[in-house]
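In what follows, chains carry the letters A, B, and so on, assigned in the order in which the sequence lines appear, proteins first and then strands, with residues in each chain numbered from 1. The analysis underlying the following values was restricted to heavy atoms, covering all of them including side chains, and did not include hydrogens, waters or symmetry mates. Note that the structure is predicted; figures quoted are calculated from it, not measured.
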There are 2 protein chains.
Amino acid sequence: MDSERPDLGAMVMRLGRRLIAMEEPILERHGVSMWAYVVLTALSGSEGPTRTQAALAQSIGADKTRLIPILDDLQKRGLIEREPDPADRRARLLALTEEGKEKQRAIQKEIRTAENDLLAGNKEKDAFVRALRDLSR
Amino acid sequence: MDSERPDLGAMVMRLGRRLIAMEEPILERHGVSMWAYVVLTALSGSEGPTRTQAALAQSIGADKTRLIPILDDLQKRGLIEREPDPADRRARLLALTEEGKEKQRAIQKEIRTAENDLLAGNKEKDAFVRALRDLSR
DNA sequence: GCTGATGATAAGCGCATGCATATTGACTTG
DNA sequence: CAAGTCAATATGCATGCGCTTATCATCAGC
């Protein structure tokens with residue numbers, strides 16, 4: 001292992017800033033915030049209708065109080081639905097609307113394209129992505 | 001390229017949080033903040049005495065006004081020296097003291113060990129680190 | 001010697017975040 | 001049915017951070 005490499009944390013953070021800078025204009029064009037996009041993506045990932053909001057907050061690393069206004073906004077704009085769980089009416093079942101799915105797919109497609117451009121020049125990109133998937137669990 | 005992978009940004013951020021969580025107890029044990037450690041590392045990297053504070057802030061991705069109290073603190077604790085540049089007395093030459101170098105090396109050593117533990121189980125760690133170095137420029 | 005530019009520093013504003021608490025409604029258990 | 005628990009939500013507070021502006025000292029060009 002190369003003992004002269006910069007700290008992993010420093011490199012990861014640098015790359016993170018770079019990716020965010022790359023994504024920002026795309027998200028702006030679609031009129032959604034970073035967190036809103038993260039929520040849409042999380043909901044599109046879980047096939048089952050939904051889990052609780054607290055679990056969602058946990059899974060995306062957001063504070064649950066911060067999630068509320070984001071969900072309010074997404075609901076107001078018709079991108080998600082919040083319906084009381086028939087089995088436990090305290091909980092709200094979160095689900096993307098068709099429009100929400102559409103929007104998420106459209107944004108992700110653009111982001112994927114931009115990411116691939118970023119990776120394009122790197123010979124070990126496949127190994128990089130595989131290792132990243134593993135390490136980011 | 002696997003079109004089913006999670007967003008790069010999401011994975012990188014997750015990993016970043018994981019690394020920070022890993023580093024925090026180490027930094028705490030040494031009594032330095034994350035930013036202070038980043039400053040120490042940046043100064044230990046540049047062999048020459050120093051550049052300007054604004055350039056330092058830029059290079060580590062910090063706001064230049066935020067740097068001031070951090071440098072004040074590091075200086076007060078004898079980890080860095082700030083002397084007026086004889087060539088341009090507006091600027092301050094920043095340099096690690098012996099104690100500062102020592103502290104940076106000690107912290108980095110622990111962090112490197114923890115990083116290697118994290119990477120240990122991954123077969124493609126070398127390719128990962130190489131690609132990360134490249135992509136985080 | 002003026003004048004405009006640059007570096008360090010200080011101070012104030014605003015946003016985002018996270019925490020802790022209170023409230024309300026609904027489920028669960030004895 | 002009463003008590004206790006839990007989910008969602010609202011609210012207030014403190015913090016950390018970045019941006020902007022202002023000040024002071026120094027430099028560089030004219």
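The CZ-P distance, from B:Arg90 to C:dG7, rounds to 6 Å in whole Å. In this structure, the CG atom of A:Asp88 is 6 Å from the P atom of C:dC27, given to the nearest Å.
With rounding to the nearest 0.5 angstrom, the CG atom of A:Asp134 is 10.0 Å from the CG atom of B:Leu119. Distance CD1/B:Ile26 to CD1/B:Ile111: 5.0 Å, rounded to 0.5 Å. Atom-to-atom distance recorded for B:Leu8:CG and A:Met22:CE is 7.0 Å, nearest 0.5 angstrom.
No donor-acceptor pair under 3.5 Å is formed between the side chain of A:Arg29 and the backbone N or O of A:Ile107.
Contact between A:Ile60 and A:Trp35 at its shortest, heavy atoms only, is O-CZ3, 3.7 Å. The minimum heavy-atom distance linking A:Leu15 with A:Phe128 is given by the pair CD2-CZ, 3.9 Å. Across B:Met11 and A:Ser136, no two heavy atoms sit closer than the pair O-CB, 3.3 Å. In terms of heavy atoms, A:Leu67 sits closest to A:Gln53 at CD2-O, 3.3 Å.
Looking at residues 60-76 of chain A, you'll see A:Ile68 sit with a heavy atom under 4.0 Å from some atom of DNA chain D. For the contact set between residues 6-37 of chain B and DNA chain D, defined by any heavy atom under 4.0 Å, the members are B:Trp35.
Just one of A:Arg112, A:Lys109, A:Arg133 meets the salt bridge (charged side-chain N to carboxylate O under 4.0 Å, His left out) condition when paired with B:Asp7; it is A:Arg112.
The outermost nucleotides of DNA chain D lying under 4.0 Å from heavy atoms of chain B, listed 5' to 3', are D:dC17 to D:dC27.
The 12-atom threshold is not exceeded at CZ of A:Arg89, counting heavy atoms of other residues, nucleotides or ligands nearer than 6.0 Å.
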